[in-house]
Structure formats: structure tokens, C-alpha cells
Amino acid sequence: MNKEELWQALLAQIQFNISKASFATWFKGTNIISAKDGEIMVSVPNNFSKEWLENKYNKIIFKILHNLDGGVREVKYNVLASHAAAPEIQSAAAVSDNAISSISQLDFPELKVDKETNLNPRYTFDSFIVGPFNELAHAAALAIVRSPGQAYNPLFVYGGVGLGKTHLVQSIGNEIFQKFPEKKIRYMSSEKFTSGIVDSIKNHDIEKFKSFYKNIDLLIIDDIQFLAGKEKTQEEFFHIFNNLYEKNKQIVISSDRPPKAISALEERLRSRFEGGMIADISLPDLETRVAILKAKAQEKKSSFSAEIIEYIATNIQRNIRELEGALNRINAYQKLNNRAPDIETTKMLLKNAIFSPKKIINPEKIVKATAFFFDLKEADLIDVSRKKEIVKPRQVAMYLLRNELKCSFPFIGRKFGGKDHTTAIHAYNKIAKELEKDENLAEEISLIKEQACRL
Ligand code: ADP
Ligand code: MG
């Protein structure tokens with residue numbers, strides 16, 4: 001059997017093992033480039049397919065190939081450049097949506113998050129565009145960088161989803177880190193903060209937890225609205241807050257709404273927040289949206305016609321992350337085709353982003369994507385079964401429901417075969433903990449998330 005026949009035989013078999021959609025998504029455009037000394041090199045159209053094949057299908061691919069040819073020892077995957085530079089000009093329709101999405105996902109290589117501070121170096125003031133919608137928050141942030149702990153304390157930044165809260169509060173951290181390397185800085189999402197507290201209570205070392213925070217010079221807590229209703233966490237946070245505040249240590253907080261509007265927030269915390277500076281981020285106007293798109297295009301060393309930029313800026317108004325997403329798609333198209341799309345093509349490429357801004361994931365999509373990833377039936381995943389191979393996938397699904405959709409633990413328990421909420425809490429904590437040390441798991445989870453978004 002030559003290498004083409006070998007691959008054809010594999011495709012024929014694998015088709016029976018996976019769904020039609022997954023087959024089309026992950027196996028179309030694959031081939032064997034070389035087969036030497038038992039090492040099979042498979043060409044794939046892009047990095048995303050490569051990751052997916054390596055993480056999810058490698059076992060079955062290897063098994064089938066090995067059955068077909070006992071000499072096969074190893075299978076490797078390689079992104080073939082010629083796939084990207086397609087010889088003939090393709091129409092937008094001919095470029096698969098998946099290829100576009102997968103490339104655009106890869107456009108933002110996540111810089112490494114600093115272990116000590118938890119800050120992502122990608123978020124800086126340099127890349128933060130200022131317009132009337134965020135200038136107050138921006139000015140307050142700069143004042144804090146100039147004199148941490150002295151200008152406004154705490155700084156409370158609030159605004160809607162995807163409007164730059166995380167970017168801004170992390171920029172404060174990164175800039176202070178540059179200017180005052182001796183200062184101890186800590187960025188925390190409020191969920192991480194909460195799970196830290198829950199864990200240390202469980203392990204009876206809450207004092208250690210608290211004393212860690214005593215020594216911090218700049219504490220940034222992102223998305224504080226998630227502390228709503230968590231009384232114990234709020235109480236511990238209150239003590240940590242007061243301790244830092246009294247020592248003139250800077251505290252920066254973000255939220256999707258002003259302190260007044262966070263229900264189930266202890267009154268004493270609310271009044272603490274209101275005692276500092278409250279700055280909102282509203283919606284960027286058209287001019288600023290255009291400026292943001294231009295700056296982001298430049299970051300990617302791309303440029304697009306004024307018409308395209310304006311089309312995107314006019315149609316996406318409420319979320320900078322979505323502006324970025326649209327730009328990534330156009331950019332991916334350009335990379336695949338070696339030319340910029342015209343306006344008609346742009347409209348087609350952005351149809352989903354613009355007309356159904358609901359790319360929303362829901363519990364069903366998460367369950368589906370998780371089952372798909374682990375090659376299970378959905379029913380098995382949500383069933384009461386205690387089969388060992390189901391335990392982890394189920395915990396992952398529960399984790400995602402909590403983390404992505406903020407589902408309540410009782411809801412999650414019910415969803416999975418009427419289990420108790422403590423099972424859901426246990427699953428969530430377990431995965432959250434493993435995520436801290438297991439990079440593969442983090443990768444798997446982000447693949448599942450991406451898949452859920454596409455369903
Ligand atoms: P939020 O935390 O408010 O949901 P993020 O800070 O995560 O929003 O911002 C979403 C995306 O938009 C990020 O990629 C961020 O870099 C980008 N972004 C937000 N605001 C700006 C801005 N003013 N200038 C440039 N990029 C921005
Ligand atoms: Mg955020």
C-alpha cells in the first residue's frame with residue numbers, strides 16, 4: 001500500500017467512527033506527506049487542525065494506521081504552507097468557515113502570564129486606545145500609576161463586557177511593575193480569589209492566605225460582581241481590603257456594574273468601594289471604533305481599505321472584543337488568499353458576527369462539545385453512570401458550565417443526572433485546581449470552549 005492508499009484507507013475507516021461534521025471539519029484537506037521508517041507525517045491545513053488531531057484523534061489515527069500497516073510506529077502532523085497559499089483565487093464561500101475561524105483564533109498568541117503577578121504582558125497602556133468613552137477611567141489609571149496608593153484608593157472601574165476593563169486594570173499592574181519592580185503586585189479574577197479562599201478554609205490555612213495578601217502593594221481584583229452572594233469570601237476580602245487600605249496600598253477593582261447595582265454585596269464593602277474613585281467605561285463612538293480597528297490592524301501588520309474598516313465599525317458597536325474578532329476574520333481571509341477581501345466578501349465573512357451577535361454558548365452546547373471531544377455520547381455524559389472514563393469529562397463539563405456560563409451549582413447538579421450541588425462544587429474545584437498545573441487540560445478546555453462557540 002503506498003502512502004496515498006494508506007491515508008485513503010484510514011479516512012474510509014475513520015468516517016465510520018466519528019460524526020459527519022467532525023469528519024468534514026478535521027479530516028478534509030489532510031494527507032500523508034511522507035512515510036519513512038514507520039514515521040508517518042500527515043499534512044494538515046492549519047495549526048488549529050493540527051492541535052485538534054494531535055489532542056483528540058491521534059490515538060485512533062495511530063490505531064487504524066498500525067492495523068493497516070504493522071510498520072507504523074508514530075504519526076506526526078505538519079501544517080503544510082501550500083495549503084495557506086492556495087494556488088487559485090478562492091471565493092469567500094470556498095474558504096471554509098472553519099479555516100477562517102481557526103486561523104483567526106491563532107492570531108493572538110497569548111503571551112505568557114506572569115506567575116508571580118498573574119499579569120498578562122499583552123495588556124499595556126501603549127495598546128490601549130483612549131476615546132471619550134473611557135477617558136475618565138484611563139486618566140484615573142494613569143494617576144494611580146504615577147503615585148500608587150496616593151491618588152485614588154480604591155479605583156473602581158466598571159463597564160460592559162468586552163469594553164476594556166481587564167485590559168485597563170492589567171495595564172496599571174504592568175506599568176507599575178515596570179516602574180517599581182520592587183513592588184508586590186497581584187492580579188486576581190474574583191473567581192480565582194474565591195476559590196483560593198474556599199480552598200484555604202478547607203485546608204485550614206486561611207491565615208496563610210491572609211498573610212500573603214498583607215504583603216501586597218497593588219491588588220487588582222477583576223470582575224468583582226462575582227463576589228455577589230458569597231458572604232464568606234466577602235468577609236475575608238473586607239479584611240484584606242481594610243488591611244491594605246490602611247497601609248495606603250493601592251487597590252484596583254473592576255466590575256460590570258457600579259457598586260450600587262451589585263446586589264448581595266455587603267453594605268460595608270459597598271461603602272468602601274464608593275469611598276474611592278468610581279470610573280465608568282461606556283460605549284466607544286464610531287470614530288474611536290475606527291481608531292481601534294486601525295490600531296489593531298497595524299499591530300497585525302495588515303491594512304484594510306477605509307470602506308472595510310468603516311463597515312466593521314458601523315456594524316459592531318457594543319463590544320471591542322467583537323471588533324477584534326471581526327478584524328481577525330478578515331485578516332485570516334487575507335492570509336489564506338493572499339489578498340484582502342472586497343466589501344461584498346467582507347459582508348459575507350462577518351455575516352455571523354454581525355447579524356447574530358449571539359455566538360452565545362449555552363449549557364447544551366457545552367455538553368455537546370465536551371461529549372464530542374471525549375468521544376462520548378451526550379447521554380452518557382449527563383447520565384448517573386459512575387463509569388471511570390466518564391468521571392473526568394463530566395467534571396470538565398461541570399467546570400465549563402460554571403466558569404463560562406456562571407450556572408449555579410444546584411443547576412449544574414440537576415443537569416447531570418440530578419446530582420447534589422456538592423458534587424458540582426467538587427467537580428469545579430477539582431478541575432480549577434488541576435488547571436493550575438496541567439497545561440494539557442487547559443488546552444483541552446479551550447478547544448472544547450471554541451468548539452462550543454461554533455455549534
Ligand atoms: P472586559 O474585561 O471589559 O470584558 P477586555 O479588557 O477583556 O474587556 O477587552 C476585550 C478586548 O478588547 C481585549 O482584547 C482588549 O485588548 C481589547 N480592548 C478593549 N479596550 C480596548 C482599548 N481601549 N484599546 C484597545 N484595545 C482594547
Ligand atoms: Mg474582563
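The structure presented is a predicted model; accordingly, all values stated were derived computationally and were not measured. Whatever order the structure lists them in is the order used to number ligands and atoms, beginning at 1.
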Test item, S127 contacting ligand 1 (heavy atom, 4.0 angstrom):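 Contact check S127 vs ligand 1: positive.
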Close approach of H138 to ligand 1, heavy atoms, under 4.0 angstrom: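 No; H138 lies far enough from ligand 1 that no heavy-atom distance drops under 4.0 Å.
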S254 near the Mg ion (ligand 2) via N/O/S, less than 2.8 Å: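 Not a single backbone or side-chain N, O or S atom of S254 is under 2.8 Å from the Mg ion (ligand 2).
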Close-contact set for ligand 1 against [X] heavy atoms, below 4.0 Å:
X: K296; value: 16 (O), 17 (C), 25 (C), 26 (N), 27 (C)
X: N134; value: 23 (N)
X: R122; value: 13 (C), 14 (O), 16 (O)
X: G160; value: 3 (O)
X: G164; value: 1 (P), 3 (O), 5 (P), 6 (O), 8 (O), 9 (O), 19 (C), 20 (N)

Exercise: identify the closest heavy-atom pair between Q234 and L227: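 That would be NE2-O, 2.8 Å.
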Option whose closest heavy atom lies nearest to atom 1 (P) of ligand 1, chosen from G131, G162, A137: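 Heavy atom nearest to atom 1 (P) of ligand 1 belongs to G162.
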Parallel, tilted or perpendicular: ring planes of Y245 versus F241, cut at 30 and 60 degrees: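 Correct class here is parallel.
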Aromatic plane relationship, W52 with F372 - under 30° parallel, 30 to 60° tilted, over 60° perpendicular: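 Parallel.
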Axial cation check for F374 ring with K392, 6.0 Å and 45° limits: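 Here K392 fails the 6.0 Å and 45° test against F374.
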Can [X] and [Y] be counted as an ion pair, charged N to O under 4.0 angstrom?
X: E274; Y: K260; value: yes
X: K249; Y: D217; value: yes
X: K415; Y: E364; value: yes
X: E267; Y: R270; value: yes

Below the 3.5 angstrom mark, is there an N/O of [X], backbone or side chain, next to an N/O of ligand 1?
X: L163; result: yes
X: I129; result: yes
X: L168; result: no
X: Y123; result: no

Residue pair I316, R289: steps toward the side-chain contact (heavy atoms from CB on, under 4.5 Å) verdict: CA-CA 9 Å; I316 300 180; R289 298 200 296 276; over 6 Å; no
